[in-house]
Colleague: 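Starting off with a structure, shown below.
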Amino acid sequence: MRKLSLLTVGIASALFGCKADLGVPNNNNPDISEALARPGDVESFILGSYGQMQQAAFGVNGSIMPSLLTMSFENASGLANWGMGPRSAMPRAAIANSRGNPYEAENLVQYARLPRAARVAANGVVALRKPGFTIGSVSADLRALAFAYLVMGAANGNLALVYDSVSVVTPEDDLTPGAPADLLGYAEGMVIALKQLDSAIVVSQRANTLVSPPPGYTLPSTAINGNAFTSDSVIRLARGWKARLRAGVARTPAERAAVDWDAVIADAGAALPGDLKITMSNATGTVWTVATAQHEVYDTWTQQTPMIIGMADSVRAGCAPGSTGDCYDAWLSQPINARYRITIRTADQRFPPGDTRDAQRNASGAGNFPSPPRANLYFRNRRPTDPTGEAFAVSFYDFYRYQDFWNTFNGPMPVMTRAELDLLMAEGYIRKGDFGNAMTKINITRVANGKLPPLAGITSLTDPIGTTGSCVPRVPQPPNFTTAACGNIMEAMKWEKRMETILTHLGAWFIDSRGWGDLPEGTPLHFPVPHLAPLKAPTASDDAQGVA
């Protein structure tokens, strides 16, 4: 059986003391064994694996990514492509997993490709553990080892975020033909992923203690394209992954409340000080976020439903619940299949200003596919024909913050923002009753990007963020959710998290909304193990040949 234990503390010392030879001979493909014996190839495989992990998680349209968008209202589309419309329809349906179901290929993509990226990294660790093997120096060996564990942790962690069970990839896996694989629940799988990220940190810290050559290491800028990260940066990146994964694995509000928020706060606080941006390039084939590609098509592929962005509507004059007026309150009061497009008039400057649609269109920029005229304008009031869709899904608005990137698929794209990490800290502070620190973190983007009044004076979860109808967000109220009122500090945190993380990583809104209890009733909380999934982890031969 596969060994699942991981002794973090002992990993770095393996390079300096007794090494266990865990290499697995591949009699069916001797060229692969030769490649894993060549130091340059091992280093190349490992350094290329982060891009494979990123593309596997977020870079494939024909995957579960588009469904996660529509199921959480991060996007809206009624098209059947990739399950977008069927999986977001209400009432919600279970995820079909029978042979021949319409989306069996999409269900499999992340489940198959993330382990392949992890296996590339794990194979590199196996090679590094062979007696006498070296890439060329202790520093180079430590760099490769740390990076391999970073990739394994991120890949296995992403898998545990979205599937109910996982087959975790480790260097200790038994890859002999016919060897069974252990299938773990998502929580158990995440424990191992977090330990692998700890291993990346420990090994990088060990590299920092070297005297000769100079302490630490630097990655080539192609490893995480556009970032020549040092060992200290890799430590920070691993801690950012730990914060994201530890909070995101929760499936229910009870599980989210039980997260170790002290650890999340510590890791998020020690993560990268700015956004992690990966440079995409069509010329070099490093476009790792093409799951956002359909946004430049717009039309029926994408629009922003008022289900979430309607909470920005803070100008309600002349619009009463029960009417068919042009505001969020009237929209909420209508039966879900009788709703309609509304003009969102808001103090949040991430939306176009203006009291009329024409004014908002003009504020959104010139032409049908304009570039945002300012950095903090995230949504446009569209000029082309409005797409069709379910009554609750249609709107005048598109998300176009990254329009310039989508126009060419070249340039830096944020995939882990500092705002995400600050708002994870804010959530932790809220759950600990530390409202002062929570307000400080929320206000960073609320004020700088939204140009909204800073939160102040909040001392409990029951305090509203404002006393007038002009606050943002205005949140649907129980029991019937047909009216809206000023939200509390938790809702202000959620609003910022959604605004600042949209389309930056796998299931950004879905994973948070699941833990917050904000998904529509009946929405599946994760995907089942696809029936086409392999019975064991991919082999060294598969990975080295780039089997997709």
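Not measured: the values here are computed from a predicted model.
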Colleague: With the side chain counted from C-beta on, respond yes when Met84 and Leu69 share a heavy-atom pair under 4.5 Å apart, and no when they do not.
Modeller: no
Colleague: Distance from Lys497 atom NZ to Ser513 atom OG, nearest 0.5 Å?
Modeller: 9.5 Å
Colleague: If only side-chain N and O atoms count, and only distance matters, is there a donor-acceptor pair under 3.5 Å linking Ser460 with Asp463?
Modeller: yes
Colleague: Would you say Pro530 and Tyr163 make side-chain contact, with heavy atoms under 4.5 Å?
Modeller: yes
Colleague: Look only at the side chain of Glu496 and the backbone of Arg446, and say whether a donor-acceptor pair between them is shorter than 3.5 Å.
Modeller: yes
Colleague: Show, in sequence, the C-alpha distance, side-chain angles and deciding distance for Lys441 and Met493, and conclude whether the side chain to side chain contact (heavy atoms under 4.5 Å, CB included) test is met.
Modeller: CA-CA 9 Å; Lys441 292 298 182 182; Met493 180 277 298; over 6 Å; no
Colleague: Find the distance between CZ (Arg113) and CG (Leu159) and round it off to the nearest 0.5 Å.
Modeller: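 Rounded to the nearest 0.5 Å, the CZ-CG separation comes out at 14.0 Å.
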Colleague: Hey, are the side chains of Phe73 and Ile309 touching, using non-hydrogen atoms and a 4.5 Å cut-off?
Modeller: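 Counting from C-beta outward, Phe73 and Ile309 never come under 4.5 Å.
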Colleague: Please test Asp386 against Val394 for side chain to side chain contact (heavy atoms under 4.5 Å, CB included), starting from the C-alpha separation and ending with a verdict.
Modeller: CA-CA 8 Å; Asp386 292 317; Val394 296; over 6 Å; no
Colleague: Identify the residue among Glu500, Gln349, Arg350 that makes a side chain to side chain donor-acceptor pair (under 3.5 Å) with Asn449.
Modeller: Glu500
Colleague: Hey, is the main chain of Val529 close enough, under 3.5 Å, to the side chain of Asn97 for a donor-acceptor pair?
Modeller: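 It does hold such a pair.
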Colleague: Are any side-chain N or O atoms of Asp422 and backbone N or O atoms of Thr417, one a donor and one an acceptor, separated by less than 3.5 Å?
Modeller: no
Colleague: Side chains of Trp331 and Asp313: do they bring a donor and an acceptor to under 3.5 Å?
Modeller: no
Colleague: Looking only at atom types and distance, does a side-chain atom of Gln477 sit under 3.5 Å from a main-chain N or O of Thr483, one as donor and one as acceptor?
Modeller: no
Colleague: Give, for atom CZ of Arg361 and atom OG1 of Thr356, the distance between the pair rounded to the nearest 0.5 Å.
Modeller: 10.0 Å
Colleague: If you look at every heavy atom in Ser77 and Ser88, which pair is closest and at what distance?
Modeller: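 The answer is O-OG, 3.9 Å.
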Colleague: Are Leu237 and Tyr50 packed together at the side-chain level, in the sense that at least one heavy-atom pair is separated by less than 4.5 angstrom?
Modeller: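 Yes; the side chains approach each other to less than 4.5 Å.
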Colleague: Side chains of Leu461 and Phe435, heavy atoms from C-beta outward: is any pair under 4.5 Å?
Modeller: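 Side-chain contact under 4.5 Å: yes.
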Colleague: Compare every heavy atom of Val264 with every heavy atom of Val259, then report the nearest pair and how far apart it is.
Modeller: CG1-CG2, 3.7 Å
Colleague: So is Arg401 actually on top of Tyr378's ring, under 6.0 Å and inside 45° of the axis?
Modeller: yes
Colleague: Identify the heavy atoms of Ala363 and Leu377 that sit nearest to each other, and give their distance.
Modeller: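 Shortest heavy-atom contact: O-CD2, 3.6 Å.
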Colleague: Rounded to the nearest 0.5 Å, what's the gap from CD1 on Ile502 to CD on Gln304? Could you check?
Modeller: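 Result: 4.5 Å between the selected atoms.
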Colleague: For Glu106 and Phe527, what are the C-alpha separation, side-chain angles and deciding distance, and is it a side chain to side chain contact (heavy atoms under 4.5 Å, CB included)?
Modeller: CA-CA 11 Å; Glu106 286 87 345; Phe527 280 68; over 6 Å; no
Colleague: With rounding to the nearest 0.5 Å, note down the distance linking CG in Leu503 to CG in Asn75.
Modeller: 7.0 Å
Colleague: Using modelled atom types and a 3.5 Å cut-off, is there a donor and acceptor pairing between side-chain atoms of Arg251 and backbone atoms of Val249?
Modeller: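 Checking the backbone N and O of Val249 against the side chain of Arg251, a donor-acceptor pair under 3.5 Å is found.
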Colleague: Angle class for the Phe351/Phe379 ring planes (parallel below 30°, perpendicular above 60°, tilted otherwise)?
Modeller: parallel
Colleague: I'd like to know whether Glu491 forms a side chain to side chain contact (heavy atoms under 4.5 Å, CB included) with Asn488, so could you lay out the CA-CA distance, the side-chain angles of the two residues, the decisive distance to 0.1 Å, and finally the verdict.
Modeller: CA-CA 5 Å; Glu491 294 298 336; Asn488 59 18; 3.4 Å; yes
Colleague: List the residues meeting side-chain hydrogen bond (donor to acceptor under 3.5 Å, both in side chains) with Asp358, not counting sequence neighbours, and say none if there are none.
Modeller: none
Colleague: Answer whether the closest heavy-atom distance between the side chains of Glu521 and Pro91 falls below 4.5 Å.
Modeller: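 They are not in contact (no side-chain heavy atoms under 4.5 Å apart), so the answer is no.
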Colleague: Using modelled atom types only, decide if a donor and an acceptor are shared between the side chain of Tyr340 and the backbone of Gly325 within a distance under 3.5 Å.
Modeller: yes
Colleague: Just by distance, do the side chain of Glu104 and the backbone of Gly100 share a donor-acceptor pair under 3.5 Å?
Modeller: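 At least one qualifying donor-acceptor pair exists.
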Colleague: Are the side chains of Asp164 and Leu525 in contact, using a 4.5 Å heavy-atom criterion?
Modeller: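 Side chain of Leu525 against side chain of Asp164, heavy atoms only: no contact under 4.5 Å found.
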Colleague: For Gln110 versus Ala56, what's the shortest heavy-atom pair and its separation?
Modeller: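 Closest approach of Gln110 to Ala56: CG-O, 3.4 Å.
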Colleague: Closest approach of Pro306 and Tyr328, non-hydrogen atoms and distance?
Modeller: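 Closest pair (atom of Pro306, atom of Tyr328, distance): O-CE1, 3.4 Å.
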Colleague: In chain order, what residues pass the side chain to side chain contact (heavy atoms under 4.5 Å, CB included) check against Ala271, with sequence neighbours excluded?
Modeller: Arg418, Leu421
Colleague: With distance as the sole test, does Gln360 use its side chain to make a donor-acceptor pair with the main-chain N or O of Ile344 at under 3.5 Å?
Modeller: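 The answer is yes, because a donor-acceptor pair under 3.5 Å joins these two groups.
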Colleague: Quick check against the 3.5 Å criterion: does Thr346 have a side-chain atom that pairs as donor or acceptor with the backbone of Ala312?
Modeller: yes
Colleague: In terms of relative ring orientation, are Phe399 and Tyr402 parallel, tilted or perpendicular, with 30° and 60° separating the classes?
Modeller: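 Correct class here is perpendicular.
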Colleague: Taking Asp512 as the fixed residue, which of Arg256, Lys494, Arg498 is the one that meets the salt bridge (Lys or Arg N to Asp or Glu O under 4.0 Å) rule?
Modeller: Arg256
Colleague: Could you give the distance from OG (Ser63) to CZ (Phe58), rounded to the nearest 0.5 Å?
Modeller: 9.5 Å
Colleague: Just by modelled atom types, is the Ser67 backbone N or O under 3.5 Å from a matching donor or acceptor in the Trp82 side chain?
Modeller: no
Colleague: Without hydrogens or angle criteria, can the side chains of Thr343 and Arg357 be said to hold a donor-acceptor pair below 3.5 Å?
Modeller: no
Colleague: Are side-chain heavy atoms of Leu506 and Met65 found at a separation under 4.5 Å?
Modeller: yes
Colleague: For Asp398 and Gln303, which heavy atoms make the closest approach, and how far apart are they?
Modeller: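 Answer, listing the atom of Asp398 first, then Gln303: OD1-CA, 3.8 Å.
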